[in-house]
*Asks:* 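First the structure, which I've put down as structure tokens, then a few questions once you've had a look.
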4 protein chains.
Amino acid sequence: MVKSVDRIRRREDILGAAVRVFARKGFAASRVEDVAAEAGIAKGSVYLYFGSRDALLAGVFESYRARSDAVLATVGDGQALERLARLVGGVVDMLAAHRDHARVLLDVWASAPSLDMASVYRQYREAISELLRQARAEGELRPDVSEHHATLVVAAIEGCLLQWLADDRVPLTELAAPIIELTVEGIRA
Amino acid sequence: MVKSVDRIRRREDILGAAVRVFARKGFAASRVEDVAAEAGIAKGSVYLYFGSRDALLAGVFESYRARSDAVLATVGDGQALERLARLVGGVVDMLAAHRDHARVLLDVWASAPSLDMASVYRQYREAISELLRQARAEGELRPDVSEHHATLVVAAIEGCLLQWLADDRVPLTELAAPIIELTVEGIRA
Amino acid sequence: MVKSVDRIRRREDILGAAVRVFARKGFAASRVEDVAAEAGIAKGSVYLYFGSRDALLAGVFESYRARSDAVLATVGDGQALERLARLVGGVVDMLAAHRDHARVLLDVWASAPSLDMASVYRQYREAISELLRQARAEGELRPDVSEHHATLVVAAIEGCLLQWLADDRVPLTELAAPIIELTVEGIRA
Amino acid sequence: MVKSVDRIRRREDILGAAVRVFARKGFAASRVEDVAAEAGIAKGSVYLYFGSRDALLAGVFESYRARSDAVLATVGDGQALERLARLVGGVVDMLAAHRDHARVLLDVWASAPSLDMASVYRQYREAISELLRQARAEGELRPDVSEHHATLVVAAIEGCLLQWLADDRVPLTELAAPIIELTVEGIRA
DNA sequence: AATGAATGAGATTTCATTCAT
DNA sequence: AATGAATGAAATCTCATTCAT
């Protein structure tokens with residue numbers, strides 16, 4: 001039991017080190033040894049917890065998905081557009097709280113086609129589409145809202161994320177409100 | 001003279017090959033030899049036109065910037081919001097016409113911190129901010145439009161691009177209209 | 001005392017496991033951990049009984065030598081050629097009874113030049129030469145028998161062993177009789 | 001054409017170097033770099049001609065098979081037992097002329113189960129069995145010759161080879177005559 | 001005595017880059 | 001200018017061995 005916990009903890013430590021190193025240097029320029037050094041262990045020990053360098057990147061992606069799923073699961077209840085606003089705010093806050101993690105997703109994107117970033121976006125779009133459908137049923141939606149609106153909501157979030165990652169003077173947390181204003185409040189009937 | 005033209009042409013051929021190869025396999029998995037093969041020349045010949053493998057990526061980035069600058073330069077005249085709508089449409093069309101090129105920008109992002117994606121976004125934001133300022137002067141802008149709106153416009157474009165790159169069933173060209181509707185028409189006074 | 005016996009028993013268990021593992025996968029492809037697993041103990045425990053991985057191979061060789069010496073010591077008495085026939089039969093039976101063990105000798109040969117397979121063959125040749133000398137003294141030997149005959153007797157045994165190890169449809173035990181017929185009976189005066 | 005010849009020559013050079021290195025240190029202890037150094041080239045260049053370290057061993061085996069096949073193909077004509085004698089002599093001479101090569105076969109045996117030493121022995125046995133059948137048809141064979149005699153002939157050769165490899169004071173070439181005397185002349189009707 | 005996590009030396013292999021032809 | 005064989009630096013990964021528990 002104790003051993004198992006330790007093992008999980010150690011794995012998470014390594015993953016945390018990997019996130020920091022990958023965010024700092026990019027995955028392509030990061031060596032397994034860099035991750036080990038950041039985690040304070042020997043190179044070979046990384047392989048006791050992850051089968052390969054690529055598995056580290058996959059692990060980062062997994063842990064991002066877990067966080068992402070957690071956010072989607074907590075929009076609570078109330079009117080659909082309120083829930084949508086909470087969803088957008090929740091995702092932005094989650095990303096803002098984990099900049100390194102978010103940065104590494106770019107490497108997942110670029111270097112690991114097998115890690116399915118497409119499905120992450122799809123999942124967001126589906127959750128949002130469902131909320132828009134409910135809003136329409138509730139009569140809260142302006143009738144001229146595009147069928148592509150879910151894509152636009154995701155785009156607003158991810159596009160702001162991208163600009164923040166490129167330049168941290170872009171204030172991601174402050175952007176949550178305008179994103180919601182534009183993509184949620186702006187479509188109320 | 002003729003030789004010089006040939007040289008430029010050959011360089012562009014190689015760059016085109018690099019774009020296709022990088023888009024297909026990702027930069028990290030692309031070998032100089034792959035690019036040479038795609039261009040129909042020998043590996044060593046690539047080095048007659050580009051100093052290194054990284055220089056190929058830099059070349060792709062440069063040619064993207066050139067295209068991007070060209071689009072920004074052609075918003076024409078008329079009212080500010082009309083020009084903004086043309087800017088957005090122009091960028092989206094340009095990206096849609098060069099999917100491989102756009103895909104490679106992700107690798108630029110992830111693998112080449114020295115290639116300044118941040119400045120690309122900044123340039124877009126500045127052009128858009130200028131147009132918004134003019135629109136405000138023309139009295140065309142709703143007074144409550146956020147100071148962050150330029151960031152949101154860029155986000156909408158880049159966020160849609162990202163989703164289209166991840167999944168080509170996301171219809172980038174069709175998204176131009178809703179993007180404009182939301183981010184340009186939606187802010188008219 | 002008891003502990004000492006236990007220790008010896010445990011050492012032999014590990015050696016037996018090593019023989020099975022090495023025979024199955026070859027020494028080069030066998031890991032210390034494989035041997036430990038086969039013996040039902042932890043990897044580190046192997047080192048309580050053997051100083052190194054190579055020592056396991058040396059141990060296998062030692063135990064082969066012990067068996068081999070035992071066979072040479074039991075040719076009993078009687079006429080020299082009868083004792084030679086018993087020697088040949090005894091060696092073949094010993095090998096046939098310990099196929100894994102014999103298989104591992106190939107790895108000793110190939111991987112451990114310090115383990116002296118040459119001396120094993122030499123010892124056989126010397127024992128056989130001595131018997132041939134006695135047979136000659138007893139007038140039992142055809143006068144034209146080659147001075148190299150001892151080498152041929154060893155060759156017949158080892159050569160059959162080799163073929164049996166390569167392909168177990170070669171019937172080693174059945175070959176004992178023809179070997180004796182050819183190399184022992186065939187040289188009677 | 002010239003390039004092709006060079007390429008083949010270079011491949012053979014490397015293979016020759018591999019034979020020498022493997023014979024000297026054993027395959028297990030031989031590094032690709034050792035082979036490269038023996039061939040006077042850089043480590044990486046070995047990989048231009050052989051896909052892996054194991055491929056070097058496979059190459060050695062292949063070239064042994066080629067030599068072996070060549071010997072089997074040159075027993076000429078005449079009476080079956082004469083041809084058998086020539087076969088035996090030819091194989092022994094071939095082995096004696098290529099001690100390093102023969103030494104490496106032990107590593108093939110021990111380290112590369114996929115390289116089929118069993119088939120080499122089988123091929124020898126089949127060629128010899130065929131000659132024995134013909135000798136019987138020619139009435140040259142003693143009626144009591146064992147059905148296993150082909151195995152014994154192969155054993156005599158391989159067993160002498162083994163002893164010579166272990167100790168070069170065992171005179172392989174001198175042993176050809178006694179081997180033939182015992183295994184070929186000894187079975188004449 | 002037994003364990004098995006941790007170590008790190010060392011081997012294989014890749015591939016960007018060079019350069020003789 | 002073009003080639004592609006050769007190079008060797010560098011990275012991944014393995015696993016024998018150690019040692020704290």
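All chains are named by letter (A, B, ...) in the order of the sequence lines, taking the proteins before the strands, and each is independently numbered beginning at 1.
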*Asks:* Considering heavy-atom distances to DNA chain E, does C/Gly40 or A/Gly40 have its closest nucleotide positioned more toward the 5' end?
*Replies:*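 Taking each residue's closest nucleotide, the earlier one in sequence belongs to C/Gly40.
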*Asks:* Can you tell me how the ring of A/Phe22 sits relative to the ring of A/Phe27, calling it parallel under 30°, perpendicular over 60° and tilted otherwise?
*Replies:*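 Aromatic pair A/Phe22/A/Phe27 classed perpendicular.
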*Asks:* Using the closest heavy atom to pick a nucleotide of DNA chain F for each, name whichever of B/Lys43 or A/Asp54 lands nearer the 5' end.
*Replies:*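 The residue mapped nearer the 5' terminus is B/Lys43.
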*Asks:* E/dG4 phosphate, OP1 or OP2: any side-chain N/O from A/Arg7 under 4.0 angstrom?
*Replies:*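 No, no such contact exists.
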*Asks:* Nearest whole angstrom, please: distance from the C1' of E/dT14 to the CZ of B/Arg53.
*Replies:*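 Interatomic distance, CZ of B/Arg53 to C1' of E/dT14: 12 Å.
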*Asks:* Would you write out the dot-bracket form of DNA chain E, 5' to 3', with Watson-Crick and G-U pairs under 3.5 Å, [ ] for crossing pairs, | for pairs to other strands and . for unpaired bases?
*Replies:* .||||||||||||||||||||
*Asks:* Atom CZ of B/Phe50 to atom P of F/dA2: distance rounded to whole Å?
*Replies:*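 So the two atoms are 13 Å apart, to the nearest Å.
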*Asks:* For residues D/Asp34 and D/Glu38, determine if any side-chain heavy atom of one lies less than 4.5 Å from a side-chain heavy atom of the other.
*Replies:*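 No. Closest side-chain heavy atoms not under 4.5 Å.
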*Asks:* Among the nucleotides E/dT13, F/dA5, F/dT3, which one has an atom lying closest to any side-chain atom of D/Leu48?
*Replies:*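 When the side chain of D/Leu48 is considered, F/dA5 is the closest of E/dT13, F/dA5, F/dT3.
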*Asks:* State whether A/Tyr49 places a side-chain N or O below 4.0 Å from either non-bridging phosphate oxygen (OP1 or OP2) of E/dA5.
*Replies:*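 For A/Tyr49, the contact criterion (side-chain N or O under 4.0 Å from OP1 or OP2 of E/dA5) is not met.
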*Asks:* Could you please name the option among E/dT3, E/dT12, F/dT17 that lies closest to any side-chain atom of D/Tyr47?
*Replies:*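 That would be E/dT12.
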*Asks:* Please give me every residue in residues 19-29 of chain D whose heavy atoms get under 4.0 Å of an atom in DNA chain F, ordered by residue number.
*Replies:*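 Going residue by residue through residues 19-29 of chain D, none turns out to have a heavy atom under 4.0 Å of DNA chain F.
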*Asks:* Does C/Glu33 or A/Glu33 map to a spot on DNA chain F nearer the 5' end, using the closest nucleotide for each?
*Replies:*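 On the 5' side of the pair lies A/Glu33.
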*Asks:* Nearest-Å distance, CG (B/Leu56) to P (E/dC15)?
*Replies:*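 Between P of E/dC15 and CG of B/Leu56: 16 Å.
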*Asks:* C/Asp6 CG to E/dA1 P: how many Å, rounded?
*Replies:*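 That distance rounds to 11 Å.
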*Asks:* Figure out the CG/C1' separation between B/Asp34 and E/dA16, and round it to whole Å.
*Replies:*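 Taking CG of B/Asp34 and C1' of E/dA16, I get 12 Å after rounding.
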*Asks:* Does C/Ser63 reach the main-chain N or O of C/Val60 with its side chain, forming a donor-acceptor pair under 3.5 Å?
*Replies:*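 Answer holds: yes.
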*Asks:* I want to check one thing: is the phosphate of E/dA16, taken as OP1 and OP2, less than 4.0 Å away from some side-chain N or O of B/Ser52?
*Replies:*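 Looking at the OP1 and OP2 atoms of E/dA16, neither is under 4.0 Å from any side-chain N or O of B/Ser52.
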*Asks:* So does B/Arg31 get a side-chain nitrogen or oxygen closer than 4.0 Å to the phosphate oxygens (OP1/OP2) of E/dT14?
*Replies:*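 So the side-chain polar atoms of B/Arg31 never come under 4.0 Å of the phosphate oxygens OP1 or OP2 of E/dT14.
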*Asks:* Under 4.5 Å between any side-chain heavy atoms of B/Leu162 and A/Trp109, yes or no?
*Replies:*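 They are in contact (side-chain heavy atoms under 4.5 Å apart), so the answer is yes.
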*Asks:* If the cut-off is 4.0 Å, is B/Arg10 near the phosphate of F/dA1, judged by side-chain N/O to OP1 or OP2?
*Replies:*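 Looking at the OP1 and OP2 atoms of F/dA1, neither is under 4.0 Å from any side-chain N or O of B/Arg10.
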*Asks:* Please report the shortest heavy-atom distance between D/Leu15 and D/Leu56, naming the atom on each side.
*Replies:*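 Shortest heavy-atom separation between D/Leu15 and D/Leu56 comes out as CD1-O, 3.8 Å.
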*Asks:* Less than 4.5 Å apart, any side-chain heavy atom of A/Lys25 and any of A/Arg31?
*Replies:*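 With C-beta onward as the side chain, the pair stays apart.
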*Asks:* Does some side-chain heavy atom of C/Val104 sit less than 4.5 Å from a side-chain heavy atom of C/Tyr64?
*Replies:*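 Of all side-chain heavy-atom pairs linking C/Val104 with C/Tyr64, none is under 4.5 Å.
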*Asks:* What are the two closest non-hydrogen atoms of A/Asp116 and A/Ser119, and how far apart are they?
*Replies:*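 Here A/Asp116 and A/Ser119 meet closest at O-OG, 2.8 Å.
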*Asks:* Would one find a side-chain N or O of B/Ser45 under 4.0 angstrom from OP1 or OP2 of F/dT3?
*Replies:*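 Indeed, a polar side-chain atom of B/Ser45 lies that close.
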*Asks:* Could you tell me the separation between the CD1 atom of A/Ile41 and the C1' atom of F/dC13, rounded to a whole number of Å?
*Replies:*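 Answer to the nearest Å: 14 Å.
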*Asks:* Nearest to the B/Val32 side chain among E/dA6, E/dA16, F/dA2, which nucleotide is it?
*Replies:*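 Out of E/dA6, E/dA16, F/dA2, the nucleotide with an atom closest to B/Val32's side chain is E/dA16.
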*Asks:* Under the 3.5 angstrom rule, does the side chain of D/Arg67 hit a backbone N or O of D/His98 as a donor-acceptor pair?
*Replies:*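 Answer holds: no.
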*Asks:* Just how far is it from atom CZ of D/Arg11 to atom CG of D/Asp6, taken to the nearest 0.5 Å?
*Replies:*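 Here the rounded value is 15.0 Å.
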